[in-house]
Amino acid sequence: MSNQNGTQAVDRAARLLTEVVHAADPMTFTGLIGGTNWVGMSVALHCSALGKVLLAYGAAQLPPGPLERRTDKTVTSEAALRADLAGVRARGYAVTDEELEPGLIAVAAPVRGYDGAVIAALSVSAPTTRMTRERVPVAAGHCVQEAAGLSAVLGYRQRTARQNRKAGAA
């Protein structure tokens, strides 16, 4: 995804037991600030936007034990994480703001299979100097839209409110 602010890192990830492994090469950033290349690296679910999407929709489970602190902003309380995951479901996307790496902000949206189950997530990440907190909703909206398009390619058809009421009455 290229825009006037430079190229954003765009990646997809798939669930592997209790961690997220970044599976797609990020686009090269040509600006002054680079970032960690996460391709092939395992990342704890609770401190990545991709992982939070998978947790929020039941596509992954937290491993037993304490939540690892990656930065001073990493959520390490299970109660706080549960509240964060409820927010993910309400908004339709996850945000991590310097929870994985200082200076890194990311958003992620669910990708659904034909049956509606979340099977993957799509994310956009950038340095906080380029994607400010005020711009997160715009980036998240684009991410949600692209994830919905990918879900449609995979056969998912979102139900309307009327279809949901009808199904509930049956």
Side-chain angles (χ1 to χ4, degrees), residues 1-3 5-31 33-63 67-68 70-71 73-75 81 84-113 116-154 156 158:
M1 170 185 300
S2 182
N3 62 25
N5 295 318
T7 304
Q8 303 293 320
V10 179
D11 55 33
R12 294 173 293 157
R15 174 177 55 94
L16 276 181
L17 299 174
T18 59
E19 54 194 25
V20 171
V21 174
H22 289 252
D25 288 323
M27 296 173 145
T28 304
F29 172 61
T30 58
I33 300 173
T36 302
N37 182 347
W38 294 100
V39 176
M41 295 178 70
S42 296
V43 177
L45 292 166
H46 70 284
C47 59
S48 76
L50 293 164
K52 286 183 180 186
V53 166
L54 299 175
L55 289 169
Y57 292 97
Q61 301 297 316
L62 279 175
L67 300 176
E68 176 189 5
R70 296 287 305 245
T71 73
K73 293 186 176 184
T74 304
V75 175
L81 180 60
D84 194 3
L85 298 179
V88 170
R89 290 186 296 274
R91 283 187 309 270
Y93 64 88
V95 178
T96 53
D97 186 358
E98 300 188 273
E99 295 172 49
L100 177 61
E101 179 179 0
L104 180 70
I105 193 164
V107 296
V111 175
R112 297 177 183 276
V118 172
I119 59 170
L122 181 76
S123 77
V124 176
S125 60
T128 54
T129 55
R130 291 191 308 127
M131 182 165 50
T132 62
R133 286 151 190 88
E134 295 76 28
R135 295 184 66 197
V136 164
V138 173
H142 291 298
C143 194
V144 166
Q145 187 176 20
E146 293 302 319
L150 182 54
S151 298
V153 168
L154 296 173
Y156 175 65
Q158 188 171 3

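FYI, side chains are in, hydrogens and waters are out, and symmetry mates aren't considered; it's all heavy atoms of this structure.
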Check your understanding: Say you draw a straight line from NE2 of His46 to OG1 of Thr74; how long is it, rounded to the nearest 0.5 Å?
Key -> 6.0 Å
Check your understanding: What's the spacing between Leu62 CG and Leu81 CG if we round to 0.5 Å?
Key -> 5.5 Å
Study note, to complete from the structure: Rounded to the nearest 0.5 angstrom, the CG-CG distance for Leu85 and Leu45 is 10.0 Å
Practice item. Work out which heavy atom in Arg112 is nearest to a heavy atom in Ser151; give both atom names and the distance. Key: N-OG, 2.7 Å
Review point. Taking all atoms of both residues into account, what is the closest heavy-atom pair of Arg70 and Glu99, and its distance?
Key: CB-O, 3.5 Å
Point to revise | Residues that Ala140 engages under side chain to side chain contact (heavy atoms under 4.5 Å, CB included), provided they are two or more places apart | key: Tyr93, Val107
Check your understanding: Can you name the closest pair of heavy atoms from Arg89 and Tyr57 and give their distance?
Key -> CA-OH, 3.6 Å
Review point. Rounded to the nearest 0.5 Å, what separation is found between the SG atom of Cys47 and the NZ atom of Lys73?
Key: 14.5 Å
Practice item. Go through the structure and list residues passing side-chain hydrogen bond (donor to acceptor under 3.5 Å, both in side chains) with Thr128, not counting sequence neighbours. Key: none
Review point. Yes or no on side chain to side chain contact (heavy atoms under 4.5 Å, CB included) for Leu55 and Val88, after CA distance, side-chain angles and deciding distance?
Key: CA-CA 10 Å; Leu55 289 169; Val88 170; over 6 Å; no
Check your understanding: Nearest heavy-atom pair of Lys52 and Ala94: which atoms, and what distance?
Key -> CB-CB, 3.8 Å
Practice item. Applying side chain to side chain contact (heavy atoms under 4.5 Å, CB included), name anything that partners Ala108, two or more places apart in sequence or on another chain. Key: Ala49, Leu50, Val53, Ser123
Study note, to complete from the structure: dist Leu104:CG -> Glu98:CD (nearest 0.5 Å) comes out at 8.0 Å
Review point. In Å, rounded to the nearest 0.5 Å, how long is the span from CG of Leu54 to OG of Ser48?
Key: 7.5 Å
Review point. Does Gln145 have any side chain to side chain contact (heavy atoms under 4.5 Å, CB included) partners at least two apart in sequence or in another chain, and if so, which?
Key: His142
